[in-house]
Amino acid sequence: MAEIVDRVTADDEGGRIARTLLFPYLNHAANMYGVGYATAADIDAGMRFGCGYPIGPLALIDALGAKTVVDGLNEQFATTGDPLHRPDAALVEAADQGLSFTGGDEAGADVPQVKRPVSSVGVVGTGTMASGIAQVFAQAGYQVVYVGRSQEKLDGVLGYVTKNLDRAVAKGKLDADAKETILGRLTGATEREALADVDLVVEAIAEDLDIKLELFRDLDRICKPGAILATTTSSLSIKACADATSRPADVIGMHFFNPAPVMKLVEVVTTDATDADVDETVRALCLATGKHPVSCGDRAGFIVNALLFPYLNDAIKLQESGAASMEQIDTAMKETKLPMGPFELLDVVGNDVSLAIQETLVGEFGHEGWQPAESLKQVVAEGRLGRKTGAGFHTY
Ligand code: 3HC
């Protein structure tokens, strides 16, 4: 912790880069807490378990001292005039009154219980997220039915899981029998009707509302009464998905992070209509699969993407301004103990995905300062989507 504080406050190039990028992010986290969108514990857990950060933003403000952050933001605001750099009321209050953000609301939280028994899980989709989610449930002992549009796509899911399990076997973390047992829990299907008997469906198909609505209408037709219907959308409305069914009380958001088998976070997103038992069961299931659930409302970006992507976008804009190179920025941020530099992470997430999320956030919050960086649009237009296409901001 002291090391991180030292890096962020250092009077050198790396320290300046870290402050330029981290202070607006901390400001946003303070605002998210101040307006009551999520608890301090959940905001901090979000960034720690969703992005591998060593410390959550509110704990970092406490460690740096709210006054240091307020002073730094005031300096930034004097240069940029960007309203996003004006210290948030919650931050100013903490600085003025010597308040701390952390340590208050974690005690006394009840351990969630499974209220609707779940033994079989359906996963819809065959991309990276769907494959990772299928692995998570199979590894935790659930029977998994995964649904894709072709045998080739289903083979891709099995290939993804097999590769990950082989890596675990090679490292001596899993034995060969356990690998076969896990793979034996996975059943592929090209027809959605295979989901008729599952207790929970998690969909991770294209991030397109019309496509999701069509799926939810179909799940409503196919799934048994009482089945929980979850979407792993990162930016679309859970309520819209719920309203496409005749059972909105059974619909919930379960937002996993990339790579799903590794990142421990699941954002559990409820709407006004979500049944309390569904919410509690899903949070209990997260714990049963080794994940850490955080609760948040049905708003684009939830906790983590709303905090993460504007920071990534700011990193691109800093590079565009000529103030620092990609390498300098990636290095400076890793020196603050983030697991990846922003350009490395953009390439992992996919620049097309990042651009879409950033556009959604601008749509939701309307901040001019969050408009997607020009070079983000450019790499997407050129098909440099990141690791998945062999090139993005970096070349692989
Ligand atoms: N699939 C499965 N397992 C993987 C993996 C993958 N793609 N990549 C790495 N792993 C496993 C490794 O096997 C290893 O497992 P082990 O500890 O059991 O042996 C473990 O993860 C650590 O991997 P490595 O030692 O190879 O590499 P690192 O220490 O560099 O960790 C990382 C890799 C966990 C990905 C780390 O760099 C990290 O935390 N990065 C941040 C990722 C992040 O921020 N994700 C969120 C993106 S936003 C998002 O997903 C939201 C969505 O809406 C877009």
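When a ligand or atom number is given, it counts from 1 through the structure's own listing order. Note that the structure is a prediction, hence the values are computed from the model and not measured.
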May I ask you to identify the nearest protein heavy atom to [atom], giving residue, atom name and distance to one decimal place in Å?
atom: atom 18 (O) of ligand 1; value: K173 NZ, 3.0 Å
atom: atom 51 (C) of ligand 1; value: N305 OD1, 3.4 Å
atom: atom 5 (C) of ligand 1; value: R167 NH2, 3.4 Å
atom: atom 39 (O) of ligand 1; value: M263 CE, 3.6 Å
atom: atom 37 (O) of ligand 1; value: M340 CE, 3.4 Å
atom: atom 49 (C) of ligand 1; value: F257 CD2, 3.5 Å
atom: atom 43 (C) of ligand 1; value: L345 CD1, 3.6 Å
atom: atom 19 (O) of ligand 1; value: K171 NZ, 2.4 Å

Look at [X] together with [Y] and state whether they make a salt bridge at an N to O cut-off of under 4.0 Å.
X: R192; Y: D218; answer: yes
X: K212; Y: E207; answer: yes
X: E320; Y: K317; answer: no
X: K239; Y: D243; answer: yes
X: E344; Y: K334; answer: yes

Non-hydrogen protein atom less than 4.0 angstrom from [atom]:
atom: atom 22 (C) of ligand 1; result: no
atom: atom 30 (O) of ligand 1; result: no
atom: atom 46 (C) of ligand 1; result: yes
atom: atom 16 (P) of ligand 1; result: yes
atom: atom 26 (O) of ligand 1; result: no
atom: atom 33 (C) of ligand 1; result: no
atom: atom 10 (N) of ligand 1; result: yes

Checking side-chain hydrogen bond (donor to acceptor under 3.5 Å, both in side chains) against D199, which of Q143, K224, R116 comes through?
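Among Q143, K224, R116, the one that satisfies the side-chain hydrogen bond (donor to acceptor under 3.5 Å, both in side chains) with D199 is K224.
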Of all the atoms in ligand 1, which lie at a distance below 4.0 Å from a heavy atom belonging to [X]?
X: V262; result: 2 (C), 3 (N), 4 (C), 5 (C), 10 (N), 11 (C), 21 (O), 34 (C)
X: V349; result: 47 (C), 54 (C)
X: P259; result: 1 (N), 5 (C), 6 (C), 7 (N), 35 (C)
X: Y160; result: 1 (N)
X: S234; result: 53 (O)

How far apart are the C-alpha atoms of D352 and K388, what are their side-chain angles, what is the distance that settles it, and do they pass the side-chain contact (heavy atoms from CB on, under 4.5 Å) test?
CA-CA 11 Å; D352 51 340; K388 60 188 171 187; 2.9 Å; yes
Heavy-atom contacts under 4.0 Å between [X] and ligand 1: side chain, backbone, both, or neither?
X: N258; answer: both
X: L308; answer: side chain
X: F302; answer: neither
X: C51; answer: both
X: V304; answer: neither

Looking at ligand 1, is there an atom of it that comes within less than 4.0 Å of some heavy atom belonging to Q135?
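Contact absent.
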Non-hydrogen atoms of F256 versus ligand 1: any pair closer than 4.0 Å?
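It does not; every heavy atom stays at 4.0 Å or beyond.
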Mark yes or no for whether [X], through its side chain, and [Y], through its backbone, hold a donor-acceptor pair below 3.5 Å.
X: E267; Y: V304; result: yes
X: K291; Y: A260; result: yes
X: H28; Y: A306; result: yes
X: T274; Y: T271; result: yes
X: D347; Y: H394; result: yes

Residue among I182, N164, V161 satisfying side-chain contact (heavy atoms from CB on, under 4.5 Å) with Q139:
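In the set I182, N164, V161, the residue that makes a side-chain contact (heavy atoms from CB on, under 4.5 Å) with Q139 is I182.
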Considering the options I55, L60, I61, which one meets the side-chain contact (heavy atoms from CB on, under 4.5 Å) requirement together with L58?
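Considering I55, L60, I61, a side-chain contact (heavy atoms from CB on, under 4.5 Å) with L58 is found only for I61.
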Do you see a donor-acceptor pair shorter than 3.5 Å between the side chains of T102 and D62?
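The answer is yes; a qualifying pair exists.
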Y25 and D314: side-chain donor and acceptor closer than 3.5 Å?
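No pair is found: no donor N or O on one side chain lies under 3.5 Å from an acceptor on the other.
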